[in-house]
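None of the values given here were measured: they were computed from a predicted structure. Note that ligands are numbered from 1 as they come in the structure, with each ligand's atoms numbered from 1 the same way.
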Amino acid sequence: METVYLNGTFLPSAEALISPNDRGFLFADGVYEVMRWYEKGFLAAQLHQNRLKRSLHEIRLYSAEADKFLSIAGELISRNNLEGQQALVYIQITRGTAPRTHQFPLPPVTPTCYAFARAINPEQNESILGVNVGLVNDIRWSRCDIKSIALLPNILAYQEAVEKGFHENLFVRNGVITEATHSNIFYVRNGKVLTHPESVYILSGITRKLVIDLCCKLNIPVEERAISSDELPYVEEAFLTSTSAEVLPVTHLEGVPIGSGLAGPVTSQLQIAFREMVEREIQTV
Ligand code: PMP
């Protein structure tokens, strides 16, 4: 059975019990982080830990568990026999268990920390052939930079994508594409790689940052500039980035080809460079 981590203890998932008065359950009052395990090590572990700490800071939640994230993650990989496999580690920290009231618990209670690791099977075909995406109204709050567990707008937008046969939906706020429901979006136009600048309207993706760094190393010009949904049909290439999907070509918008309708040359170059970077950079535990 799967071994998970809950509040300082590693235990079988069936024994990991959380109170219904947990503020994560009642209010989605918490944050999370997801990190990728590549057979023998984690990618960008420090960046994920830093983002977790930042998310906690932004919601004014202080938990010593964030300092232990890397050791908890490594322990979950070994206890679940995931060495030699591809996996994701998920960690969630909430403001703890207390009688339901909007204000922070007084006196403060210990935050709840839950983490698990799970094997993944990356989809090879999609990363070669590319995916079809849709557009949806961005109804989220104005702090999308916080990796909050309150994901209802993302869930509704993604469910709509699934029901329409799209791989992802791109959020559009005031005519501008911000990001996708669980990934960042990049474009190639006139030889330049474009992506929405860091702001409160997107999650600052770790993969987004790694890809921008790769572009700089490869002398591919990058501009952190948002594009409007009207500009999308005119881009030469588009791709999504995320911890689980790495660099994923977007070849169609609502069934209409983007550029050639195939994974573009810049996207393919970045996919190869990303794989090479993974080989170089993974941090063995
Ligand atoms: N944006 C959103 C809304 C996300 O949920 C995610 C994935 N968690 C991303 C972007 C991509 O971030 P990362 O590259 O750190 O996985």
Side-chain angles (χ1 to χ4, degrees), residues 28 30-38 42-55 58 69-70 73 86-93 115-118 120 122-123 127 131 133-162 166-173 176-187 193 195-215 224 226 238-248 250 270-271 273-275 277-278 281-282:
V31 296
Y32 75 108
E33 190 54 57
V34 180
M35 180 164 74
R36 177 88 174 254
W37 169 262
Y38 284 93
F42 290 109
L43 180 68
Q46 200 55 59
L47 295 179
H48 285 281
Q49 185 174 37
N50 293 349
R51 185 171 66 182
L52 175 62
K53 287 185 174 179
R54 179 183 184 276
S55 293
E58 293 301 309
F69 177 40
L70 305 188
Q86 306 266 343
L88 291 174
V89 175
Y90 175 97
I91 186 169
Q92 160 168 332
I93 304 178
F116 66 83
R118 203 159 283 167
I120 54 165
E123 185 46 75
S127 74
V131 297
V133 301
L135 295 173
V136 72
N137 207 6
D138 195 344
I139 59 166
R140 297 175 301 162
W141 69 333
S142 305
R143 287 307 307 273
C144 304
D145 57 312
I146 299 172
K147 207 162 164 57
S148 158
I149 59 170
L151 289 171
L152 193 49
N154 306 59
I155 288 165
L156 293 174
Y158 184 61
Q159 182 62 25
E160 194 180 308
V162 170
F166 302 148
H167 180 86
E168 253 285 27
N169 254 332
L170 307 181
F171 281 125
V172 180
R173 191 187 287 257
V176 165
I177 301 170
T178 49
E179 59 179 336
T181 71
H182 54 295
S183 44
N184 291 109
I185 175 90
F186 284 71
Y187 326 90
V193 168
T195 195
H196 195 291
E198 278 189 304
S199 85
V200 293
Y201 298 120
I202 66 161
L203 181 76
S204 184
I206 304 297
T207 323
R208 173 188 177 281
K209 182 194 169 347
L210 296 174
V211 166
I212 291 174
D213 291 350
L214 280 178
C215 289
E224 292 188 46
F239 58 89
L240 298 168
T241 63
S242 72
T243 296
S244 53
E246 301 176 338
V247 176
L248 187 64
V250 175
L270 286 169
Q271 283 180 305
F274 195 90
R275 295 307 310 193
M277 187 256 309
V278 167
E281 305 273 320
I282 52 167

Heavy-atom check, side chain of N184 versus side chain of H196, under 4.5 Å: no

With the side chain counted from C-beta on, respond yes when E168 and I185 share a heavy-atom pair under 4.5 Å apart, and no when they do not. no

Protein heavy atom at shortest distance from atom 14 (O) of ligand 1: T207 OG1, 2.6 Å

Closest to atom 8 (N) of ligand 1 (judged by heavy-atom distance), picking from E33, K147, H182: K147

Quick one: are P122 and R36 in side-chain contact, heavy atoms under 4.5 Å? yes

With heavy atoms only and a cut-off of under 4.0 Å, state how T181 meets ligand 1: side chain, backbone, both or neither. backbone

Below the 3.5 angstrom mark, is there an N/O of E179, backbone or side chain, next to an N/O of ligand 1? yes

What residue and atom, counting heavy atoms only, is the protein's closest point to atom 11 (C) of ligand 1, and at what distance? N184 OD1, 3.6 Å

Report yes if some N/O of H48 lies less than 3.5 Å from some N/O of ligand 1; otherwise report no. no

Counting only nitrogen or oxygen atoms and a 3.5 angstrom limit, does L203 reach ligand 1? no

Among S183, S242, G205, whose heavy atom sits nearest atom 9 (C) of ligand 1? S183

With a 4.5 Å cut-off on side-chain heavy atoms, are D145 and S204 touching? no

Atoms of ligand 1, numbered as shown, that sit under 4.0 Å from any heavy atom of T243: 13 (P), 14 (O), 15 (O), 16 (O)

Which of these passes ring-ring contact (aromatic ring centres under 6.0 Å, His included) with Y90: W37, F69, Y32? Y32

Say whether, by atom type as modelled, one donor and one acceptor occur between the side chain of E179 and the main chain of L203 under 3.5 angstrom. yes

Salt bridge (charged side-chain N to carboxylate O under 4.0 Å, His left out) between R275 and E246: does it pass, once the steps are laid out? CA-CA 9 Å; R275 295 307 310 193; E246 301 176 338; 2.8 Å; yes

